[in-house]
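These values consider heavy atoms only, across backbone and side chains, with no hydrogens, waters or symmetry-generated copies.
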Amino acid sequence: MKFNSLHILIFMIGLTSFAQKINRIEPPNWWVGMENTQLELMVYGKSISDYAPVIEDKKIELLTVKRTENKNYLFITLDVSKSEVGTFKIDFKKKGKRNNFSINYELKQRSIDSKQRNGFDSSDAIYLITPDRFANGEISNDIIKGLKETKIDRNHDYARHGGDIKGITDHLDYINDMGFTAIWSTPVLENDMKESSYHGYAITDLYKPDPRFGTLKEYISLAKKSKEKGLKFIMDQVVNHIGIGHWWMKDLPSKNWINYQKESLNGNLIVTNHRRTTNQDLYASKKDKDLMNDGWFVSSMPDLNQKNELLATYLIQNSIWWIETLDLSGIRQDTYPYPDKQFMNDWAGAIMAEYPNFSIVGEEWSLNPLLVGYWQKGHENKDGYESNLTSTMDFPMQRAIVEGLNEDEEWDKGLVKIYEGLANDFAYANPNDIMIFPDNHDMSRIFTQLNENVINTKMALGYLLALPRIAQVYYGTEILMNDTAKPGDHGLIRSDFPGGWKGDKVNAFTGKGLSKDQKEMQSYLKKVLNYRKNSEAIHSGETVHFAPDNGVYVLFRIIENEVVTVILNKNSKNIELDLTRFEEIGLQGKNVQNIISGKSFIWQKKLKLEAKGITILTTKM
Ligand code: CA
């Protein structure tokens, strides 16, 4: 049996006798002052269902006690609406007083501004980090005895490399100076898996950071220090599946905790068909729908059955527990279309009820804007599905940008793809709250996608950071990290950030050993991000763009007192751009400044553009 520090703490303060009776209580604590005043405790211990829990504290109402087929679990639902901060006692009683015992459970004070916390929005540029590969801040946690994957090997793309929570904490100033305003780290909860445990999406304990990433204390400290620097902190969560090494798998709470539980336990693995359109398809067969939602993501990730109400509540409370514990500004939810979709609505709805200004971004990897739009709150869906998800991911626009830059200019190819991609915004309930990105931890690096063309990479980044979107950039994009040797290889995509390990010859934090191109990209992105940080035109301005013409596409972001102009030019020779076409924007005679070079000029009839590249101008000096 494994214990984490919290559970040990409960033991120390809580158990008055017969400590062996209970191995876990989850959530390990709760708060008073929540909107939802009901609390479900999962109590795990040998034959615990033989006991009857009793609470004498008049301020705690014991609503229900539920038992499952597994005698080692009890689910206790409480009403804590009248409760006070502090601990209360739960007595576990059984025939024959000799066996009775008690535990104490803690209710903490919810911070005053917890409910009104703000999420992330279009004013944010999020730095996405794969923590095992960013920086090794603590070598003493590289190898932890007792966990299944015991080695670290930086030469192996799928082994652990030693990066950790402390490594991120150590480099918050770098992230902040670059101009990012938020951090999203891929999951750091325990992944006690035999191999590939570095990626974090096979969680084996939903209440405990992986000790190779650090302690709960270090995790809380990272979130706190991020916030102190003005960086919002976003947690990556997974409610669709767990890792096969999860402690539940040795002693499942009920017969239907996992989808295809019986089949899988009999060695008959049933994997999802990944046909995500079955969530919307008017003609989808039940067979296909069931397999999509209930099949296992992969053989090492059992699919959770969120239709089980005890589990559904467990998962919702787990998300809220982390929001309160880490003081989160947002959640990124993995594989959003895979769980039961009604549950996803309940899950997001429960969170938004506790935190009305919070943000949640869900991953629907689709190039079809109809699907991206379907999941966003406020979208009118034909099947009546009303989503509570504030943000979705713009995979369609990401693809349009890459194709548009890679292709030669033709009537229906090149920049027109980007222009028409953005034209799809009419289909979204709120395009400003959709997340755009050049790449992420699951796809080829943008530099590789753009065939290692530095100019195209600058064009992609400069353009997408000016869009009416939440922006996300993957760590290392600023120094042209690539996976060109094996395009699309996940281990390679998530390469080590140079300078994150003691003795690294190249150090991207200080610039030591970077190539000219890398330095230039880092400096370029820093300028764009720092401009974006304070640009109301980009955060909330009107958007106007002009159809690409002669290899040039121009986009404006406009607000009172600030106009941002983004010009994408694909011509291989210097050209003169006729500015009279953009008369409706009203820039004639105004002083504009190039945000990269710092040079200013008066907007007149013509603008000389040097061969291929991006020009970003502002009227705000
Ligand atoms: Ca480490």
Side-chain angles (χ1 to χ4, degrees), residues 127-147 149-178 180 183-191 195-200 209-226 228-229 231 233 441 445 447 473-483 485 489-519 521-523 525-526:
Y127 197 53
L128 167 60
I129 295 169
T130 297
D132 182 56
R133 307 298 169 83
F134 183 61
N136 190 356
E138 181 57 64
I139 53 167
S140 71
N141 64 15
D142 287 2
I143 296 170
I144 300 283
K145 276 187 186 160
L147 294 181
E149 191 174 5
T150 51
K151 60 166 189 174
I152 61 163
D153 182 358
R154 288 185 70 196
N155 294 316
H156 194 302
D157 287 341
Y158 291 87
R160 295 192 82 98
H161 290 191
D164 46 36
I165 290 167
K166 178 77 169 22
I168 302 174
T169 311
D170 289 348
H171 296 291
L172 288 175
D173 282 335
Y174 169 78
I175 298 167
N176 195 28
D177 290 348
M178 277 299 295
F180 291 101
I183 293 173
W184 152 25
S185 156
T186 56
V188 301
L189 299 189
E190 185 196 81
N191 269 235
E195 51 195 26
S196 291
S197 68
Y198 79 97
H199 64 65
D210 193 294
R212 292 162 293 194
F213 285 135
T215 61
L216 180 63
K217 203 177 157 191
E218 283 174 309
Y219 199 15
I220 293 170
S221 165
L222 167 61
K224 190 165 176 269
K225 285 180 179 164
S226 300
E228 282 166 7
K229 294 208 184 288
L231 294 162
F233 197 68
H441 58 301
R445 290 275 184 175
F447 191 46
V473 176
Y474 194 32
Y475 80 99
T477 294
E478 70 270 35
I479 52 155
L480 300 169
M481 274 169 62
N482 67 81
D483 54 304
D489 181 87
H490 278 189
L492 188 62
I493 289 164
R494 305 156 183 175
S495 293
D496 294 351
F497 192 77
W501 279 253
K502 209 178 170 188
D504 280 358
K505 285 189 181 122
V506 176
N507 188 336
F509 296 114
T510 62
K512 183 190 146 200
L514 290 178
S515 72
K516 186 172 163 280
D517 280 347
Q518 286 178 311
K519 274 187 189 162
M521 183 58 75
Q522 197 178 32
S523 148
L525 198 56
K526 191 173 176 176

Exercise. Using distance alone, with no hydrogens and no angle criterion, decide if Asp210 and Tyr198 have a side-chain donor and acceptor under 3.5 Å apart.
Key: no
Quiz item: Which atom names give the shortest non-hydrogen contact between Pro131 and Thr186, and what distance separates them?
Solution: CD-OG1, 3.1 Å
Exercise. Give a yes or no on whether the backbone of Ala508 and the side-chain of Gln522 come within a donor-acceptor separation of less than 3.5 Å.
Key: yes
Exercise. Identify the heavy atoms of Val473 and Thr477 that sit nearest to each other, and give their distance.
Key: CG1-CB, 3.7 Å
Exercise. Kindly give the heavy-atom pair with the smallest separation between Tyr158 and Asp489, and that separation in Å.
Key: OH-OD1, 3.1 Å
Quiz item: Met481 and Pro498: which non-hydrogen atoms are nearest, and at how many Å?
Solution: SD-CD, 4.2 Å
Quiz item: Can you tell me if Asp504 uses its side chain to pair, donor with acceptor, with the backbone of Gly499 under 3.5 Å?
Solution: yes
Exercise. Kindly indicate whether the side chain of Ser523, heavy atoms from C-beta on, has any atom under 4.5 Å from the side chain of Lys519.
Key: no
Quiz item: Would you call the rings of Phe497 and Phe134 parallel, tilted or perpendicular, where under 30° means parallel and over 60° means perpendicular?
Solution: tilted
Quiz item: Between the main-chain N or O of Leu189 and the side-chain N or O of Asn191, is there a donor-acceptor pair closer than 3.5 Å?
Solution: yes
Self-check item: Leu492 versus Ala485, closest heavy-atom pair with distance
Solution: CD2-CB, 4.1 Å
Quiz item: Do the side chain of Tyr474 and the main chain of Thr130 share a donor and acceptor less than 3.5 angstrom apart?
Solution: no
Quiz prompt | Heavy-atom side-chain contact between Glu218 and Thr169 under 4.5 Å | solution = no
Exercise. Could you tell me the separation between the CG atom of Asn482 and the CZ atom of Arg445, rounded to the nearest 0.5 Å?
Key: 8.5 Å
Quiz item: Is a side-chain N or O of Ser226 found less than 3.5 angstrom from the main chain of Leu222, in a donor-acceptor match?
Solution: yes
Quiz prompt | Thr215 side chain near Pro209 side chain, heavy-atom distance below 4.5 Å | solution = no
Practice problem: Answer yes or no: is there an ion pair linking Asp173 with Lys229, defined by an N-O contact shorter than 4.0 Å? | Solution: yes
Exercise. Would you give the length of the straight line joining atom NE2 of His161 to atom CZ of Arg212, rounded to the nearest 0.5 angstrom?
Key: 13.0 Å
Quiz item: Any chance CD1 of Ile143 has more than 12 other-residue heavy atoms, nucleotides or ligands included, within less than 6.0 Å?
Solution: yes
Quiz prompt | Close side-chain approach of Asp164 and Asn136, heavy atoms under 4.5 Å | solution = yes
Practice problem: Could you check if a side-chain atom of His171 sits within less than 4.5 angstrom of a side-chain atom of Tyr475, using non-hydrogen atoms only? | Solution: no
Self-check item: Phe233 side chain near Tyr219 side chain, heavy-atom distance below 4.5 Å
Solution: yes
Quiz item: Taking the side chain as C-beta and beyond, is there a heavy-atom pair between His199 and His490 under 4.5 Å?
Solution: no
Quiz prompt | Atom pair NZ/NZ of Lys224 and Lys217 - distance to nearest 0.5 Å | solution = 11.5 Å
Quiz item: Counting distance only, does the side-chain N/O of Arg154 pair as donor-acceptor with the main-chain N or O of Gly162 below 3.5 Å?
Solution: no
Self-check item: Nearest heavy-atom neighbours spanning Glu138 and Asp142
Solution: O-OD1, 3.3 Å
Quiz item: Taking the six-membered ring of Phe213 as reference, does the NZ or CZ atom of Arg160 fall below 6.0 Å from its centre and within a 45° cone about the axis?
Solution: yes
